Amino acid sequence: MSKTPARFTLDPAFTVGEVDPRLFGSFVEHLGRCVYTGIFEPDHPSADEAGLRTDVLELVRELGVTAIRYPGGNFVSGYKWEDSVGPVDERPRRLDLAWRSTETNRFGLSEYIAFLRKVGPQAEPMMAVNLGTRGVAEALELQEYANHPSGTALSDLRATHGDKDPFGIRLWCLGNEMDGPWQTGHKTAAEYGRIAAETARAMRQMDPSVELVACGSSGQSMPTFAEWEATVLQETYDLVDYISLHAYYEPQDGDVDSFLASAVDMESFIENVVATCDHVGAKLKSKKKINLSFDEWNVWYMSEWQGIEESASRDWAEAPRLLENNYSVTDAVVFGSLLIALLRHADRVTVACLAQLVNVIAPIMTEPGGPAWRQTTFFPFAQASKYGRGEVLDVRVDSPTYETKKYGEADLLHATAVRGEDGSVTVFAVNRSRTEPLPLEVALSGLDLTTVVEHSALADADPDARNTLADPERVTPHQVAGTSLRDGTLSAVLEPMSWNVIRLG
Ligand code: AHR
């Protein structure tokens, strides 16, 4: 055990900002088995009249996701929205170039909205338009079809398709990862800034209340990073509300210590994008602030994926098994730390989407015709969404450190705390040490807290433990004894490599 405890002080006078419920968003892409045999499987024993798997719906509700981004991802850059509406038997089969798959369009726009409505009122659409192979006109047509009440060709067409009520989509992404050379219709920053501005202006002409996300970089390591954001925002600053960020993490060359500190990169990415947004705002002498939509984040074993060749070997298959990562306890601890990073920046990160929701780098897995189960990463997300609502308190840790190859000296403790409306406080904390427990002392100043409601932890003697089809409940959070609150000090011991949720009432 580290002899020196990690310490911080909580004081309601020092806050970061209010958590936007959209911070707990997710992502459904037409990729692999996310849609087909994931959320939608008409032949499944649990399927409802719409073909949605009710076992998956229950898990999605338990996970507590809010905004659900759709239909891609790379998929959106070849998406023809009109293929995905109307009588199912008349919908065309199409080549999906992004994932070298065949898209049947049996699940489309109307089915996505029906899915969201069944998830519940907390689920909100977040729709991407195709700015890869298409442009302003098609974005406007989709917007009219989806949102215009009635009395025009496309809104009336929606009604004849059985959807009399408009879908009410407020949040729109202007394309996806347009900085990436892999993207169909990839553009330079100037080209994308221009088409994003034109599309945004036109979409606002139809409805000034839409909220728009411009594409930022696909990662902080992209060669065009920061310059891309600056150029795009120079064109779009007054027209958009958010700039997007995407980041995926995995251990490189077996370096687990650096992997455990992945949030160091995520936090610097966020802070660098905030700085770039504010720099452009200052140059334009604007009072407006651009917020951040971290609309793809996760642990992803990307280097294990053979790229498009792997998809090609499946010969334009329908819903092939792609990117079905099975997450360990180590992955879940890193994942929890990424959630902490998002909460610590809740003042500017007001939308975030866990990529993705089912089967594809996902917290929920399914078997066709078989069960659905929770991956290890399911638990930190569900707990953060349930208890991480309210005001984020400013947590400045004084922690013992360890050495990492990638990030130099890193704190062993990564933590945040959220104060609910009822005055209760939840501390989210990760111990990054692979071998040593970490004592934690939190001074509570000006907070009327008297009891530890629970201390839940995700940790395991086997850091490689996972939930699988054969053993779907191998890993679940457990209760930790001995955590106390005395004389205004919370004392706890965090197990080696653990994700912790300490609820104070
Ligand atoms: O989430 C998987 C893929 O990762 C998305 O399609 C793309 O946007 C990103 O590169």
Side-chain angles (χ1 to χ4, degrees), residues 16-29 65-74 76-77 123-131 139 169-180 183 189 192-193 196-197 199-200 203-204 209-220 222 225-226 228-230 232-233 235-248 266-267 269-278 280-281 288-298 338-339 341-357 381 384-385 392:
V16 173
E18 195 75 27
V19 178
D20 192 309
R22 288 171 170 174
L23 199 73
F24 301 107
S26 186
F27 177 28
V28 166
E29 176 167 7
V65 294
T66 53
I68 301 184
R69 185 166 171 252
Y70 177 83
N74 296 341
V76 79
S77 292
E124 183 195 358
M126 180 178 187
M127 186 81 198
V129 299
N130 175 356
L131 294 187
I169 304 173
R170 286 177 61 84
L171 191 54
W172 296 84
C173 303
L174 300 170
N176 175 69
E177 293 190 349
M178 299 309 302
D179 64 324
Q183 199 68 216
Y192 171 69
T199 309
M203 290 181 78
R204 288 202 186 287
S209 75
V210 288
E211 295 177 65
L212 302 175
V213 185
C215 287
S217 296
S218 325
Q220 178 156 233
M222 292 297 287
F225 173 61
W228 172 277
E229 280 77 358
V232 169
L233 285 172
E235 291 288 323
T236 58
Y237 202 88
D238 290 334
L239 297 164
V240 303
D241 305 283
Y242 306 90
I243 187 101
S244 73
L245 297 81
H246 292 179
Y248 294 101
M266 193 189 222
E267 295 206 14
F269 189 12
I270 293 170
E271 286 157 21
N272 287 335
V273 174
V274 167
T276 307
C277 291
D278 292 351
V280 177
K288 176 179 173 179
K289 289 275 184 232
I290 298 287
N291 280 333
L292 275 50
S293 172
F294 214 125
D295 47 42
E296 287 187 31
W297 68 269
N298 204 348
L338 300 179
L339 277 164
L342 293 171
L343 283 165
R344 288 175 61 82
H345 294 84
D347 54 334
R348 294 299 286 272
V349 182
T350 53
V351 180
C353 304
L354 160 60
Q356 300 193 358
L357 186 59
F381 191 99
S385 176
V392 179

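Given the structure is predicted, the values throughout are model-derived calculations rather than measurements.
Among residues two or more places apart in sequence or in another chain, the salt bridge (Lys or Arg N to Asp or Glu O under 4.0 Å) test is passed with Glu124 by Arg22. Applying the side chain to side chain contact (heavy atoms under 4.5 Å, CB included) criterion to Ala341, with sequence neighbours excluded, gives Ala263, Met266, Glu267, His414. Every residue two or more places apart in sequence or in another chain that forms a salt bridge (Lys or Arg N to Asp or Glu O under 4.0 Å) with Asp241 is listed here: Arg204. With sequence neighbours excluded, the residues that form a side-chain hydrogen bond (donor to acceptor under 3.5 Å, both in side chains) with Ser293 are Asp295. Asp20 is linked by a side-chain hydrogen bond (donor to acceptor under 3.5 Å, both in side chains) to nothing, counting only residues two or more places apart in sequence or in another chain. With sequence neighbours excluded, the residues that form a ring-ring contact (aromatic ring centres under 6.0 Å, His included) with Phe269 are Phe225, Phe294. For Ser244, there are no side-chain hydrogen bond (donor to acceptor under 3.5 Å, both in side chains) partners at least two apart in sequence or on another chain. Residues meeting the salt bridge (Lys or Arg N to Asp or Glu O under 4.0 Å) test with Asp278, sequence neighbours left out: Lys289, Arg348. By the side chain to side chain contact (heavy atoms under 4.5 Å, CB included) test, Val16 is found to be paired with Asp347, Val392, Asp394, residues two or more places apart in sequence or in another chain being considered. Under the side chain to side chain contact (heavy atoms under 4.5 Å, CB included) criterion, Asn74 pairs with Glu29, Ala98, Trp99, Asn176, Glu177, Trp182, Gln183, sequence neighbours left out. Scanning for ring-ring contact (aromatic ring centres under 6.0 Å, His included) contacts around Tyr248 gives Trp300, with sequence neighbours left out. Partners of Trp172 under the ring-ring contact (aromatic ring centres under 6.0 Å, His included) rule, at least two apart in sequence or in another chain, do not exist in this structure.
Across all non-hydrogen atoms, the minimal contact from Cys215 to Val232 is O-CG1, 4.2 Å. Annotation for Tyr237 and Val280: closest pair CD1-CG1, 3.8 Å, computed over non-hydrogen atoms. In this structure, Pro71 and Ala128 approach most closely via the heavy-atom pair CD-O, 3.8 Å. Of all non-hydrogen atoms in Leu171 and Pro125, the two that sit nearest each other are CB-O, 3.9 Å. Among all heavy-atom pairs drawn from Gly216 and Asp179, the shortest one is O-OD1, 3.9 Å.
The aromatic rings of Trp228 and Tyr192 sit parallel, their planes meeting at an angle under 30°, below the 60° perpendicular limit.
Separation of atoms CG (Asn298) and NE2 (His246) is listed at 12.5 Å; rounding is to 0.5 Å. With rounding to the nearest 0.5 Å, the separation of CG in Leu131 from OG1 in Thr199 is 4.5 Å. Taking CD1 from Ile68 and OG from Ser26, the interatomic distance works out to 6.0 Å, rounded to the nearest 0.5 Å. Considering SG of Cys353 and CG of Leu23, their distance stands at 9.5 Å, rounded to 0.5 Å. Atom CD of Glu296 sits about 4.5 Å away from atom CZ of Phe27, to the nearest 0.5 Å.
In this structure, Gln356 and Arg69 have side chains that are not in contact, with every pair of non-hydrogen atoms separated by 4.5 Å or more. Within the 4.5 Å cutoff, the side chain of Glu229 has no heavy atoms near those of the Cys277 side chain. Between Leu212 and Leu239, the closest side-chain pair of non-hydrogen atoms is not below 4.5 Å. No side-chain heavy atom of Leu174 sits less than 4.5 Å from a side-chain heavy atom of Tyr242. Between Val274 and Leu292 the shortest side-chain heavy-atom distance falls below 4.5 Å. Side-chain contact check for Tyr70 versus Met127: some heavy-atom pair is nearer than 4.5 Å.
Proximity of a side-chain donor or acceptor of Ser217 to a complementary backbone N or O of Met222 within less than 3.5 Å is not detected. Looking at Ser385, its side chain never comes within 3.5 Å of a backbone N or O of Val65 through a donor-acceptor pair.
Evaluated for a side-chain contact (heavy atoms from CB on, under 4.5 Å) with Ile243, the options Asn291, Thr276, Val213, Leu233 yield exactly one hit, Leu233.
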